[in-house]
Structures are given as structure tokens and as C-alpha cells.
There are 2 protein chains.
Amino acid sequence: MTTNTFTDPPVEMAKERGKTQFTVRDVTNFLNGGEEETQIVEKIMSSIERDPVLSVTADYDCNLQQARKQTMERVAALSPYLVTDTEKLSLWRAQLHGMVDMSTRTRLSIHNNLFIGSIRGSGTPEQFKYWVKKGAVAVKQFYGCFAMTELGHGSNLKGLETTATYDQDSDQFIINTPHIGATKWWIGGAAHTSTHCVCFAKLIVHGKDYGTRNFVVPLRNVHDHSLKVGVSIGDIGKKMGRDGVDNGWIQFTNVRIPRQNMLMRYAKVSDTGVVTKPALDQLTYGALIRGRVSMIADSFHVSKRFLTIALRYACVRRQFGTSGDTKETKIIDYPYHQRRLLPLLAYCYAMKMGADEAQKTWIETTDRILALNPNDPAQKNDLEKAVTDTKELFAASAGMKAFTTWGCAKIIDECRQACGGHGYSGYNGFGQGYADWVVQCTWEGDNNVLCLSMGRGLVQSALQILAGKHVGASIQYVGDKSKISQNGQGTPREQLLSPEFLVEAFRTASRNNILRTTDKYQELVKTLNPDQAFEELSQQRFQCARIHTRQHLISSFYARIATAKDDIKPHLLKLANLFALWSIEEDTGIFLRENILTPGDIDLINSLVDELCVAVRDQVIGLTDAFGLSDFFINAPIGSYDGNVYEKYFAKVNQQNPATNPRPPYYESTLKPFLFREEEDDEICDLDE
Amino acid sequence: MTTNTFTDPPVEMAKERGKTQFTVRDVTNFLNGGEEETQIVEKIMSSIERDPVLSVTADYDCNLQQARKQTMERVAALSPYLVTDTEKLSLWRAQLHGMVDMSTRTRLSIHNNLFIGSIRGSGTPEQFKYWVKKGAVAVKQFYGCFAMTELGHGSNLKGLETTATYDQDSDQFIINTPHIGATKWWIGGAAHTSTHCVCFAKLIVHGKDYGTRNFVVPLRNVHDHSLKVGVSIGDIGKKMGRDGVDNGWIQFTNVRIPRQNMLMRYAKVSDTGVVTKPALDQLTYGALIRGRVSMIADSFHVSKRFLTIALRYACVRRQFGTSGDTKETKIIDYPYHQRRLLPLLAYCYAMKMGADEAQKTWIETTDRILALNPNDPAQKNDLEKAVTDTKELFAASAGMKAFTTWGCAKIIDECRQACGGHGYSGYNGFGQGYADWVVQCTWEGDNNVLCLSMGRGLVQSALQILAGKHVGASIQYVGDKSKISQNGQGTPREQLLSPEFLVEAFRTASRNNILRTTDKYQELVKTLNPDQAFEELSQQRFQCARIHTRQHLISSFYARIATAKDDIKPHLLKLANLFALWSIEEDTGIFLRENILTPGDIDLINSLVDELCVAVRDQVIGLTDAFGLSDFFINAPIGSYDGNVYEKYFAKVNQQNPATNPRPPYYESTLKPFLFREEEDDEICDLDE
């Protein structure tokens, strides 16, 4: 029996869907956190899908200018929700919408999270009320941006060179850009939209430098959008992705703002120039934590979208055949294709567990901090504890942010390659998806810098443990004794499939790495200062962060499965085992050298990964359907729900590029003169004539 | 002493350049293959740089329509060289130009390499002459494309569904697209430019299917560029990258072509419908080998461009500081930054050695094949040998193509991340560079498919060796005995820095992997057929291809260093050692389980990589200057030769985005109505009135 390449796919998709052995809705609810959450999610998704302004159907053909305008229209359509959404709804909406439209998500979040978040987090309650009244929360006659980064300074807040000098005579601050290197750069919303910014600048009072603080600086006159005196703004122009975001640069030439525009929840400046430093240093990075926590969730959402596309396509695309078959083989049936995608599907599930945990901690911590008054001496202890917890969250979220954003970039890329040439088409979303995504690996904490700083924190925690002091819950395992003793005889198959063993194996690997690095550190600080010693151990710190974070994701995954309904548990367990065993495969060097596993175990693990891939393979349609994405959110014809990939892809290409003329627009001007050109054959002067 | 962030960089660049301990020109000549080649390279580069049509200064802001037109203008400017360039010049020109303009490079090469290459390789000498006379080589009234891929079939040539049915009455072939799934898809040049194509179609004569063959099919009438009867063409539209290439789709509805348009160097069809099959099967993939070999060289060229940008930037960018310093630290001085970039610089050098070897073999082999007549029985043996050699080259180049194109993608990505936010700017080239590049991992042999097929070949070679038969030179080491015997005491430092030891270590690792996989294969074929057995061993085949290819790159690098001038040898050796030791670090699992190295050796290797990074660090400006790229070819202000990165970057952004109006173009239509909107507060109907 032969097949018709064109009509076969939807038939196959129906068959594949029929193989599902569990109630898809149960997995959806497990991922969302319950039926009630699923209903919220569905309501938000349908409100996005219904709004014609938010239709992303033609987005892949937008050029930069069109994208900027369209994104503004979408910001306008979504702004009313900023006022009515609860915190939870707001997070869901941003994450779900971000899956298909990162530009709008960013452009809104610059105002809503970075600007408003800064005023709420670094301003006093009175200041917050004042800016709300001005229109900041309602986004009326008002749009805020976040002027932190400078041309010459990114991650290093202390190095920022913009100055805010107090002038006591006028009771004003003078905001100034001392040279072009201190130009505010990358400022999303500055080029086109913003009326105000939160500006990070060095506070200078009576000649003394008090470090970087936040100031609200008006940029444009509200009535006609003209620039305020002394403010220069330009457009940063083309970026790798997120064309819809109007990133700009800002220079301040002695711009005067009232003293009251300095955000004074922590440090304060009086009208006589007295600087009061708070009991605890300002959490200037407060507004950045929400971003970081959101990026872990985004990693899950974006990954799930692209995995759905690649796995659906793999279930209907045929290529080559094995001898004896009359039909070509579906690419999902090639063991190597399974190995490329199925561990990543498992990884994606694991990301959600990590994201949920981080988000929960963040909401609790923020609520606690905002309920406290940093200037009330009676609350000093509570505040101290809350700030310590925030710092710990900041550190823990660092590794998660780094590895999930990298993981998502890898997933988009691998999924694209798994779709062959069609992955390179603009209409299947991978190109824009990748270009829009990868800035997450750089902004709000460069991933490498985050990992190194987390690695430093892990060594410091280990030193605490060795000194018998208390450390946070997620790191306590470093002080435990390993329960694994490898006698060289190898590990039985049942153990290699046991969650307890796998978690313990990763903890042992992570613990040994951290303790070995700590040993080396203690050796080095005998002759070096701590900074130098940590620099010497950069590679080791990075590895510590990497393995600890992987360990954390694996443990969280297993822990959450314990709460799942019985019918889906075995399927989730397979995914978690696949994730854990594949993670070992990726790091065999560590497990061998730590004597956690034998070479024979590694062989066995290779086979188990193969087996688990086969076991998961028939469930991939169910496991991706469980993400609950309509074709609107998939926005890629080769990832259509019904599997009718060629028809929808062909239709999409032709809808976006109607074939009206066999001649290109430049036929007369360029192509024809080229094809019909004639070089003159110059006669040679005959010297002998 | 404090520094001025803005003016510091060029001062620092001059100092860094001053640290160079070797004659840069010597390394340039080493890379190019001698002073004579360097002069050729420089002449071509300056001819590109001088031509205003080829200026890429504004490319990053081009939209798709502009890119298509501009690319056509560039094709026109470069076409005369197709006639005058020798093979060598043509390769250099394509590779050098491709570094900054992949679209033009591709659009030209579709005609010149794929179309012309097919006619030369698969047509008879008479057929080639005929098409030359028609204007094919002069590109006059003529533009060719390569209609291979179909919507439903990519890599699997045998699965293509377009038919070429011989009609004896008219002595014609009827070319037909049986259903939409067989639509020719991705065909570069089809949407706008081409008058003719080489079409891959199933040859059917008197009802019998003779497999896929090549046919020249006219697509458009030359005089007015209108479509030929029965030809439908559409535009594929937006792609991830290479916007300047007019990829299209083609459907044939019983299009008639003369029998003489079938390319008949191998199989022939007579006017009575007699099919003569050649002594050896057609090398249909002949035209693809040039592409594959070129892609290895491209990997080097593109990698060197982005490494130059990231390393120059790293030498002038400061961020954070170590305690005690008054200036912030240059990012190149962070050990982790060195580890991120310097092994990749070494990798890039290694790619060039691999590329040179592949190119040399390819030119020799092609010349030999073209000199032979496949229908002369006396030449049968020579032809057989030449075809076998081509097949061997095809197999060997598979792994090199796969791992160098992936390597280059990784290098672009890592370099972008190493430039922080400025790496995400459109004007520093990484975004377009990556998007344009990564199709190389998919086309002309999907990298994963190539690796699996190479892995199969390696196992087959091992079986030959075990049976005492002859195999190609590059694989003979698999039959040797390892000279490494690890007694568990560890490896002395001098050994770990010795080329002989490192090559042998990689050969042992590769040999053991291949032999272990071969053992498993022999076990499996007792109960499975060979195809099934190889499928079971997919992961292992991939690993065999990966480690063998790395081994090959490392050996080639050391072998070439032997030919280098004495003053540069020590610097090249450091790079090669860095590449080899870093490669071990990336694969410690294999070296430990094969008992080639001990855990203690791995620790030592970590330190040696650190040491080598420090040793190479001061030479990075010299080692990247040696690539000989002017700022035109760098095309990224943060990678400027003079290090004046902020001034040039600021100027570029403002030149491309002049700040003329603080209001965006959509202020009146969209932004103002949004900022000044008023929701109506509906009064509530009072029921009690």
C-alpha cells in the first residue's frame, strides 16, 4: 500500500491521538495547578484569541516599522487589564500572551513591571500614591520606562555614571550624562512611547557620592509628546528580535527634577541635604526579581509551544524507510529522533515545576516586604529577615533563570532542526521565536554572570555548613552524607529507575562538586584574597551552579508527581526518569569520577534512555495536547492540531505571498537589464596597419 | 586613576595590539596557504570592498523586499566573474563575500554551482556545450535553479514524487507534479529569477520506474519572463534568514520537454525508449559535494569574523572590578570569559585545517572524474575507483560538514552572548549572522542524518578492518593498537601537553567507541537485519561520528603546524593544545570510562586549560588580526579594528536612525488616542426611583 504524502498526515494524527492512555485534561490540570487554574488559563487564552487587534496571523511578515505600530495598538488593547487584573491574572496573561507575542509582552511589562514595580518597591507609599494619581497605573497621559543600562555599563549597577546632584538652593536634583559612554542605552519604551522614566543615577549630595539610587525623571511633555528641556532621545533601531519594542537611548543635560522625585523607601535626602541611609541597603534589584521569576515560567511556555510543533510534525512526517516497509517511516519512529526530542519534552515538564516553586516563593516574599515599613525600628528584625529571604530567592532564582532560559533556547533550536527545512520557514515560527527569545539569556542578569555568582553563593553556603551554621532548605543536602556507595559491581536496573536513587545520585554529584570546590577555595585563600580565589575557581563555580540547578529541577519534578492523580502518575514518572537519566548521560564524566556509577551502569543507562523514549513515544500527542494550545497559540501550520500540515502550510504561504506576477517588482529596473545586457567587445587597435 | 568609559577603548586596543609576540602576516599566510594566496585574498576582498553595489553598510535595516532587489543588483555585479574566475578564485570569492552577504552568495551559487554544476556533472560533454551556448555560463537571458526538494520530501532523493514520463510519439518527457505534496519547495531563484531549472524527477519509461534522474526544464519565456505553459510558481516568502534569496515553489502540470533535456552522462534514454543504465550508478549528489566542502570553509570564515568581534570587544570592555583595582576589569581578563572564547578561537583555527584538506581532495577527485568517459569500457576501472573515492569523500565530508556548521553556529551564539546586550543589537551582526547561518546545519544533508550515516560507515569500515580488508587512510587508525596504557597512576603534565599523546588519546577514544559499537552491531545482526541493527545503535553511531571527526580535526591541526614558520609555531601549538585539552574536558566521560585518563588527570587538564587560556590571552588581538578582516568585513562597530567601539557604535545607530522627531509615525493614529482616552463611566440605572 502506498500513501499520498499530501493527504496522509491528518489520518495519521488521528491515529496517534488515539494512542493516548490517560485523560489529557488531568495532565493539563496537573501542569496548571488544578481545574480551577485551567479554567482561568482558558478564559485568558480565549480573550486573547478573540481580540482582532491581538491576531498574530500576519506577524511573521511584519517589518520593523509595522511591528512598532502594531505593538502599540496591542499595548492599548491590553492596558485596561493592568488596572483590573489581580497579580495572579496579570502573571498568567503576560506569560500566555508572551508565547506568541514577546514584543507586546515586553513593551507592556516595561511600564507595568519595571516602572511601576520600581515605584512600588523603591518609593514610599506616599510616592506611589502620588504617581498613581498622575496616571501611572491607569496608563493615561503617562507611560513609564526603566532607564538603568548605559552604553558602557550593563550588569554592574555600581558602575553607572549618570549623576543626580542635589542642588539645595532650588531643592532639586540635577540629572546629567557626563559623557557619551554614560548614555542610557537599550531603554525599552524610550524611543517612541514614554513620558517618564525611573532613572538609575549616582546620588551626589554636597560633593559626596552615595551610590546608585532611583529617580523619576519626566522625559516628554504630556500634552504634545515633545521632549523636556535637556532630554535627548534617539532610537536604537534594529535588534536581533523583538522588533515591536521601541528601545532607545537617553542623554540628560542637566535636567532638573524636584527632590521629591527620588524614590525614598530606603535612602532619603532632606531639603537641607542630609542623607539618611536605611537600616538595610536598598533592594534596587527588587523590580528585577519579578522578571527573573517570570522568565523561568516563560521558558516553560515557549518550550511547550515549540515542542508541540516539532512532535506533531514528527508524528506525521515520513522520510526514508526501513527495508521491508512499503511506506516511508514516520520520523518520530527513528530512535535518534526520539532521543533528540523526548528528553527535551521531559525537560520542559520539569521547568514548570521549577517555575511554580520560584513564583510561589516570590509572591510570598514580596507581600511580606511590602507590608513592612523600613523606617520603623520595631520592624527591623522582620525586615532584615525578609530582605535576607529576598536575597536568597535572588540567588536561587539566578541558576534557574540561567539554565531554563538556555534550555529553552536549546529547545527552540533543536525543534527547528528536527523539522528540517520547514523549520527554517518564517511561517513555522522558529526563526522569530529564537530571535525574540534569546535576549532572555542576557538581560536582567547575564546568564554566565548569574551562574558564577550562584556558584560563589554555593561555596559560601558550604563554608557555613562546615562551620555548623544554618543554611536555606534547598542547600541543606550539601551537609548530608551520601547514601550511595558504589562497590564497583554496578547498579541494578531497578535502582536506576528509582526516583530516590536518582535524586540521591544527583545530590551526591552536586555535593561532591561543591565540597571539592570549597576545599580548593580554602586552599587558595591561604595566599589569595577571596575575590582572587573565586576568580581562579570560575570554571568550578559554574559547574557547581549547573549541577545544583539540575539536581533541584529533578527533585522538584519528583516531588510534584507525588501530588498527581493516579491515572497520570506512571506517565509523569516516565518523563521524570527520562529527564534524570538523560541528564546523567549528558554528564557521565562527573558520575564516573565521583564513583557514583560504573562504566557498565552508563551502558545500562543508555539502554534505559532508549527504552523510556520508546515508552513515551506513543504518548507524545497526549503529552503535548495537554499543554492546551490552540492553533492560534501554535501559530505554525506544521504544528496544527489536526495534523493537516501540508495543506495548511501551503495555504499559509500562499495567503501571505499571493502569486500574482511571475516578474518581481524589480524586473524592469534590475532583472531585465541584467539578463539582456551586452558587454561591448572593444576592437583592438591594429598597430601594424 | 579613573578612566573615561567613552575614550578609553581605542587607547586600550593599541596597548593590546602591542602585546603581539609574532609577525601577524606569518599567521595570515599560514592560514591562507602562503603569501601568494594572501595576495589573492586581499585582491578579492578589496574588489568587493570597492564596489558600491556590494556595500553592506545598511544591510541590517533592509526589509525582505529591499533585500531581494538589492541581492539581484549584487548578483548582476558579480556575474561577470563567473566567466573569468578560475575554480580557485571562484571558491575564494564566494567564501570571502559570503562572510558578509550570505544571501548574494547563495543566490549566485544556486545558478553557478547547483545548476551549472549539475549540467557539468550529470550531463554529457555535448549537453554541457549546448547549455553554455544557450547562455547558461554567461548568465545571459538565462538563470538556472535547482529543483530538488519537494514539500513532502527533503533528504530522501529516492522518495521524490515528481515524474518524468517518456512519450515516444513526441520524443518528449512529460514532467508532472502528481499532488501538492510533490510541489518543488524551497527552490532558490524560482520565485523571481530563474528561466530554467534542473529538475529531479522519477524517470518513467514504458510504465517502468527507473528512479530519480535530472532534467533541464524551462520555467519562463526568456523574452518577457512569463511562465511557460503548465508551470506554476509561487513565492515561499519569509524565512528565518537569507531574505535576499527568492525561494519559491514550482508545480508542473504535464510540462513537455525534449528527450535531449534529460542529463545523460550516466543513464540514457534512446528515442525508442531504451534505457541504458551506466556501468556505475549516477552520482546525482555530485553537485552537492562542492556545497558541502564549501560549508566547511564557510564555517571557518564566519567563525573568524564573529570571534574577531567578540575578542576585540572583550579587550576594551570593562565591567565590575576586583578588589583593590581603581579601574574596572576588562572582560577578557576574567578567567571564565577566556574559557568561553579562547577554546573557540582554537576551534576556528582547526576548522581551517579541516577545510583545506577537504577542498584539496574534492578538487582532485572532481578533476579525475570529469576527465573520464563513463561509457568507455576501457576506463571502467578508473571510473570505478574515482567514484569510490568520491563516495568516500562524500562520507568523510559528512561529519566535517555537520560538526563545523554546528560549531560555527555555537561560535556565533557564544560570541553574541559574550558581547552582552550589545550582541543583541542588529548593528553588531550577530542576529543576522546567526539567522543566515543556521540553514547550513539543515540543507544539503541534515547534520543529524549525515552523522548517523557517517557512523554507519565507520562501523562498516571497522568490519572491513576486522576482516583484514583495505580501508581509506583516515580510518586506518581503528585497526592499530593503542599506545596508551593507563596504570591508574595518572599522566604526567608533559604528556598531557604533547601532540603525540593527545592525538593518540583521541584515536584511542574514537577507536574504542567504534569497536564497541561494531561488537554490539555484530551481536544485534544475529537476530535483526542490518537496517534494524543500525537503528538500534543510533545514539552510538552518532557518538562514533562525533569523536572520529574531532580526532580528525585535532590530528589535522597538529599536522599542519609542522609546516609553519618557527616564529609562529609555539603560538599555534598553544592553540592546538588548548583545542585538544578543551575537547577532552567536554568529553571526560569517554576518557574516564575508556581508562585513557584518570580523575586526577582531568583535574590537571582543567588547570592546563586555564593556563593555556592565560597564555593565549595576550595574543588574541594578534591572532584575530591575522584573519585579515577590514572593518568592512567585520561590519560591526563593537568589533572595529581601532577599538573605538562606543563612538563607532553610537555613530552607526544614529546614522541608521536619525533622531528627527520625538513622536513616532503613529503618534496621531495610535499613541495619542491611547494616552488621552477616556472610558465612559456608565451611570447605573436606579431601580428604586
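Side-chain atoms of A/Arg68 do not come within 3.5 Å of backbone N or O of B/Pro664 as any donor-acceptor pair. Looking only at distances, a side-chain donor or acceptor of A/Tyr427 sits under 3.5 Å from a matching main-chain atom of B/Lys238. Listed for the B/Tyr424 side chain is a donor-acceptor partner under 3.5 Å among the backbone atoms of A/Ala435.
Both the backbone and the side chain of A/Arg242 come within contact range of chain B, each with at least one heavy atom under 4.5 Å from a heavy atom of that chain. In this structure, chain B has no heavy atom under 4.5 Å from any part of A/Asn661. Contacts of A/Ala182 with chain B are absent, with no heavy-atom separation under 4.5 Å from either backbone or side chain. For A/Lys652, no part sits under 4.5 Å from any heavy atom of chain B, backbone or side chain. For a residue to count as touching a neighbouring chain, one of its non-hydrogen atoms must lie under 4.5 Å from one of that chain's; by this rule A/Gln656 does not touch chain B. Contacts between A/Val645 and chain B at a heavy-atom distance below 4.5 Å are absent for every atom of the residue. The contact between B/Trp186 and chain A is made entirely by side chain atoms (from C-beta outward), counting heavy-atom distances below 4.5 Å. Contact annotation for A/Asp235: both backbone and side-chain heavy atoms come within less than 4.5 Å of a heavy atom of chain B. Proximity to chain B (any heavy atom under 4.5 Å) is restricted, for A/Arg318, to the backbone atoms N, CA, C and O. Using a 4.5 Å cut-off between heavy atoms, A/Arg220 contacts chain B through its side chain alone, with no backbone atom that close. Within the 4.5 angstrom heavy-atom criterion, only side-chain atoms of A/Thr442, from C-beta onward, approach chain B.
Judged purely by distance below 3.5 Å, without hydrogens or angles, the side chains of A/Tyr434 and B/Asp413 pair a donor atom with an acceptor atom. Of the N and O atoms on the side chains of B/Glu328 and A/Asn156, at least one donor lies less than 3.5 Å from an acceptor on the other residue. B/Trp185 and A/Tyr646 share no side-chain donor-acceptor pair at under 3.5 Å.
Of the listed residues B/Ile236, B/Asp446, B/Thr588, the one with more heavy-atom pairs under 4.5 angstrom with chain A than any other is B/Ile236. Of the listed residues B/Ser425, B/Ser669, B/Gly234, the one with more heavy-atom pairs under 4.5 angstrom with chain A than any other is B/Ser425. Ranked by heavy-atom pairs under 4.5 Å with chain A, the list B/Thr149, B/Asp603, B/Asn428, B/Val222 is led by B/Asp603. When each of B/Gly152, B/Ala138, B/Pro599, B/Ala191 is checked for heavy-atom pairs under 4.5 Å with chain A, B/Gly152 comes out on top. Most heavy-atom pairs under 4.5 Å with chain A: of the set B/Val139, B/Asn63, B/Leu64, this distinction falls to B/Val139. Between chain B and the options A/Gly181, A/Ala659, A/Ser538, the largest number of non-hydrogen pairs under 4.5 Å is found for A/Ser538. Annotation: maximal heavy-atom pairing with chain A below 4.5 Å, among B/Pro9, B/Gly421, B/Gly420, occurs at B/Gly421.
Ion pairing between A/Glu679 and B/Lys140 holds under the 4.0 Å rule for side-chain N and carboxylate O.
Note that NE2 of A/His225 and OH of B/Tyr667 are 6.5 Å apart. Values are rounded to the nearest 0.5 Å. Summarising the geometry, atom CG belonging to B/Asn247 is positioned 11.0 Å from atom CG belonging to A/Asn657; distances are rounded to the nearest 0.5 Å. Once rounded to the nearest 0.5 Å, the distance linking CZ of B/Phe591 with CZ of A/Arg593 reads 15.0 Å. The CG atom of A/Asp61 sits 9.0 Å away from the CD atom of B/Gln65 when rounded to the nearest 0.5 Å. Considering CG of B/Leu452 and NE2 of A/His337, their distance stands at 11.5 Å, rounded to 0.5 Å.
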(Q) Applying side chain to side chain contact (heavy atoms under 4.5 Å, CB included) to A/Arg663 and B/His192, what does each step give before you reach the verdict? (A) CA-CA 6 Å; A/Arg663 293 164 211 89; B/His192 286 177; over 6 Å; no
Subject >> Worked verdict on B/Thr7 versus A/His179 for side chain to side chain contact (heavy atoms under 4.5 Å, CB included) >> reply: CA-CA 9 Å; B/Thr7 56; A/His179 58 76; over 6 Å; no
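Using a 4.5 Å heavy-atom threshold, the side chains of B/Phe674 and A/Tyr143 count as touching. Annotation: side chain of B/Gln417 is in contact with side chain of A/Cys441 (closest heavy-atom distance under 4.5 Å). You'll find the side chain of A/Met240 stays beyond 4.5 Å of the side chain of B/Gln432, heavy atoms only. At least one side-chain heavy atom of B/Thr193 sits less than 4.5 Å from a side-chain heavy atom of A/Leu671.
The aromatic rings of B/Tyr336 and A/Phe542 lie parallel to each other, with less than 30° between the two planes, well short of the 60° mark.
Between A/Trp249 and B/Phe650, the distance from one ring center to the other falls under 6.0 angstrom.
Nearest heavy-atom pair, A/Thr5 versus B/His153, reported as atom, atom and distance to 0.1 Å: OG1-CE1, 3.8 Å.
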